[in-house]
Structure formats: C-alpha cells, structure tokens
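All values derive from a computational prediction rather than experimental measurement. Just so it is clear: chains get the letters A, B, ... in the order the sequence lines come, proteins before strands, and each one is counted from 1.
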There are 2 protein chains.
Amino acid sequence: MRIGELARRTGCEVETVRYYEKEGLLTIPQRDGSGYRSYTGQQLEELQFIRHCRSLGMPLAEIKALLRFRYHPQWDCAGVNAILDTQIARVQEQMRGLQSLLEQLHLLRMECAHRQQAGECGIMKNLNQAAKGEPCLCHPLPEGCA
Amino acid sequence: MRIGELARRTGCEVETVRYYEKEGLLTIPQRDGSGYRSYTGQQLEELQFIRHCRSLGMPLAEIKALLRFRYHPQWDCAGVNAILDTQIARVQEQMRGLQSLLEQLHLLRMECAHRQQAGECGIMKNLNQAAKGEPCLCHPLPEGCA
DNA sequence: TAGACACCCTGAAGTAGCTATAGGGTCAAG
DNA sequence: CTTGACCCTATAGCTACTTCAGGGTGTCTA
C-alpha cells in the first residue's frame, strides 16, 4: 500500500509517517516504479505500535527502545518495565505540577468577582504585587516569590 | 543595573531576558557607553511579572496581553478574567488527559510481574496486540484502537 | 603593563514532535 | 488534454528557551 492508505488506516498524517521514517522509527519502505513508498502489513503494524505508544504519551526515543524489544523477543524484559516506570513517574510528576498550578489559578481567579477597571481588578493587583516581590496568593512568603 | 544582575535578582537566565526583549515582552532597555543593556527598577518589576505569569503556566502571548492591562489600568478587566479562565480550562484539560494516561499506564504495567523474555512479557504482548488492531488494555474495543 | 577572568554583545542553530509550505512529478478519469 | 488526487523532496514554522561560535569590555593581580 502507498503512504496515503497507510496514513488513513492508522489515523495519522502522511507527513508524520515520513517524519517517523526520517527519525529511524519506521523501517525504510520499498519504492515502486514511480518512486512512491510501498508499505507492507508488517509496517502497518509497526506504525500502529508507534501511534499506540504515542497515545500513552511516550517520547519517540523510548518508543524506539520498545521497538527494539519487539524485534528481539528473547531479550530480558526488564528494560521494558523500566521504560513504563519512567513514563508513569513522568506523568505523575506532570500531574502534580498541574494540580498546584490549578489551585493557584483558582485562588487568583476568585480575586476578581465583577467587571471593573484593570487597575482595581484583584487579579491584576495580585500579579502586580508579585512583580514587586511582595507576598501574593501563589507565593505567600516574600522569599518564596521568585 | 546590567543584565547579569537583573537575571540574578529574578532567577532567570541572561539569555531568557534577551529572548523576552526580542519577543517584545520586556521594554527595550537603555544602553551604556559600552553598549551594555542598562535596566531600571521598573524593568525588574516587569520581568518579575513575566516570570510570575510563566510560573502559572501561561504562554507568552497571554502574558503580553496581561502586560498591556498593566500599562492601561483604566481598561475593563474582562479581558484579564478571560485570560485566566482560558488558562484554567487549559490546565484542567491537560490534567484530564494525564489522568487517563496514568490509568492506562498503570494497567499496562501490571501485565508484567517478573523478569522474563520480552516475547513473553505481558506489556510487550499488549502493545503488540494493539499494533495488530486487536483489543488491548487501553482501548478494549477494537474500533476504538487507532 | 600584561594576562587572567568575569561579564557583555550578536546571530545562528538546536530541542520535541510534528505541521505547513513551496515547487515539482505521476496517474487515472472525463 | 485538462483536472484532480495523490506522491516526492527540501525547507521553514511552532513554543520557550538553551547553547554555541566568535568577539568585545572592564577590573584585578603579578
């Protein structure tokens, strides 16, 4: 099959397929008489593997590593587990960051209840206070307010 | 003060300060006899305002908009609220995404309890199954498994 | 007075993972 | 013979920085 059909069947863009090839994730396809890429069912699976891992938020470098385990089923799977653990830790850390961000944003948002001049707006007042290094909602202690 | 001191006092890199200037966030500083940038207390506050907003996860474009409200305190603050609401919605959406990612990753991780060959590893089996379009942990229904 | 060192300058390239654009070739249908 | 869908390569753009190359400035010490 050609690149367009491959893209349709995996739900990813043609450019993305070529990008994965350039990055060494997809095995290089054969070319037909017109120089068009020609893909096999193997390569379709390979691309679906990649897309699936991407949907789990994994970076391309780690997907590349997982692909190597796919090609070498006799390898010890400890490396696979390590990649998963890393990914879980990464996602957990991102969530912690977003959680505290969200709390700060909510607090800040509540400082302004109705339309008024920006100079009187509790949100702007808080942001301007923080800019002066004074205590603010997000960083109540002066020394914590970078 | 020169750029190094400004950077130290705000806890950001010299290159980042120059970058903000190039992007039009920081007002252009005076230059001294040697062509070095010379900053005022006003500009220190401006930079701290920017860094504070960045610590709330806001993109530079929205910080730019907030800075305009800072310079125009008589403007209606509805725009400020809108920026906050957008940011809150963005963070909430990211968290939802990460939450479902985390659940999928945990399920997948539990498929492999002990060291073995990659070919027998429950994680790799699941990923390979997904690659074939078969039901997997993350996308139990075949048609949902892109 | 010479050298060392910290600091400053500009401009360009690199990071992740694509997406988009320019400028062209191939092929089947009407 | 033209239209349209598809394919090709190479390059630039996106965010928010960081890094690097190559060079100038300013002060302190030997």
Side-chain angles (χ1 to χ4, degrees), chain A residues 1-26 28-39 43 47 49-67 83 86-87 90-91 93-94 97-98 101 146, chain B residues 1-26 28-39 43 47 49-67 83 86-87 90-91 93-94 97-98 101 146:
Chain A
M1 89 199 75
R2 294 198 297 203
I3 200 170
E5 189 184 343
L6 184 77
R8 255 192 314 279
R9 287 170 65 173
T10 52
C12 89
E13 306 265 338
V14 167
E15 292 81 13
T16 307
V17 177
R18 284 196 283 249
Y19 174 72
Y20 288 158
E21 178 184 329
K22 191 159 60 90
E23 293 301 302
L25 282 126
L26 272 174
I28 312 266
Q30 297 283 114
R31 297 289 180 130
D32 71 9
S34 314
Y36 293 176
R37 289 169 179 82
S38 177
Y39 293 95
Q43 287 161 323
L47 179 53
F49 184 97
I50 296 167
R51 293 307 289 173
H52 186 75
C53 292
R54 283 295 296 137
S55 84
L56 291 170
M58 292 186 202
L60 297 188
E62 295 185 5
I63 298 175
K64 224 167 176 172
L66 287 178
L67 282 166
I83 288 172
T86 301
Q87 179 62 11
R90 183 164 36 220
V91 172
E93 170 135 14
Q94 284 174 12
L98 289 183
L101 227 56
Chain B
M1 87 201 77
R2 294 200 297 205
I3 199 168
E5 188 184 343
L6 183 76
R8 255 191 316 277
R9 286 170 66 172
T10 53
C12 90
E13 306 267 337
V14 167
E15 292 79 13
T16 307
V17 178
R18 285 196 283 250
Y19 173 72
Y20 288 157
E21 178 184 329
K22 191 159 59 90
E23 293 301 303
L25 281 125
L26 271 174
I28 312 268
Q30 298 283 112
R31 298 287 181 133
D32 71 10
S34 314
Y36 294 177
R37 290 170 179 81
S38 178
Y39 294 93
Q43 285 160 325
L47 178 54
F49 184 96
I50 295 168
R51 294 306 290 172
H52 186 75
C53 291
R54 283 294 297 136
S55 84
L56 291 171
M58 292 186 203
L60 298 188
E62 296 185 3
I63 297 175
K64 224 168 176 172
L66 286 178
L67 281 166
I83 288 172
T86 300
Q87 179 63 10
R90 184 165 34 222
V91 172
E93 169 135 14
Q94 284 174 12
L98 288 183
L101 228 55

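Checking the phosphate oxygens (OP1, OP2) of D:dT9, a side-chain nitrogen or oxygen of A:Arg37 falls inside 4.0 Å. Between C:dC18 and A:Arg54, a contact under 4.0 Å exists linking OP1 or OP2 to a side-chain N or O. Proximity of A:Arg51 to the phosphate of C:dG17: no side-chain N or O atom is located under 4.0 Å from OP1 or OP2. When the side-chain nitrogen and oxygen atoms of B:Tyr19 are compared with OP1 and OP2 of D:dT15, none of them lie within a distance under 4.0 Å. In terms of phosphate contacts, B:Arg2 brings no side-chain nitrogen or oxygen within less than 4.0 Å of OP1 or OP2 of C:dC7. Proximity of A:Arg31 to the phosphate of D:dT9: a side-chain N or O atom is located under 4.0 Å from OP1 or OP2. Between B:Thr16 and the phosphate of D:dA16, there is no side-chain N or O to OP1/OP2 separation shorter than 4.0 Å.
Within 4.0 Å (heavy atoms only), B:Glu13 reaches sugar-phosphate atoms of the nucleic acid but no base atom.
The interatomic distance linking B:Tyr39 (OH) with C:dC9 (P) rounds to 7 Å, in whole Å. To the nearest angstrom, C1' of C:dC7 lies 16 Å from CE of B:Met1. Here C:dT21 presents its C1' atom at 10 Å from CD of A:Glu15, a figure rounded to the nearest Å. In this structure, the CD atom of B:Glu5 is 18 Å from the P atom of C:dA6, given to the nearest Å. Computed from coordinates, the A:Leu6 CG to D:dC6 P distance equals 15 Å when rounded to whole Å. Rounded to whole Å, atom P of D:dG13 lies 13 Å from atom CD of B:Glu23. Atom-to-atom, CZ of A:Arg18 to P of D:dC8 comes out at 5 Å; the value is rounded to the nearest Å. With rounding to whole Å, A:Leu25 atom CG is found 13 Å from C:dC18 atom C1'.
For A:Tyr20, whose side chain is taken as the heavy atoms from C-beta onward, the closest listed nucleotide among C:dG17, C:dC18, D:dC7 is C:dC18.
Taking CZ of A:Arg18 as the start and CZ of A:Arg37 as the end, the distance is 5.5 Å to the nearest 0.5 Å. Rounded to the nearest 0.5 Å, atoms NE2 (A:His52) and CZ (A:Arg54) are 13.0 Å apart. In this structure, OH in B:Tyr20 is found 15.5 Å from CD in B:Gln43, a value given to the nearest 0.5 Å. In this structure, OH on A:Tyr19 lies 6.5 Å from NZ on A:Lys22, to the nearest 0.5 angstrom.
The residue among A:Lys22 and A:Ser34 whose nearest nucleotide of DNA chain C lies closer to the 5′ end is A:Lys22. For the pair B:Asp32 and B:Leu60, both in contact range of DNA chain D, the more 5′-proximal nearest nucleotide belongs to B:Leu60.
In terms of polar N and O atoms assigned as donor or acceptor, the side chain of B:Tyr36 comes within less than 3.5 Å of the base of D:dG24 in a complementary pairing.
Here the side chain of A:Gln87 pairs a donor or acceptor atom with the backbone of A:Leu56 at under 3.5 angstrom.
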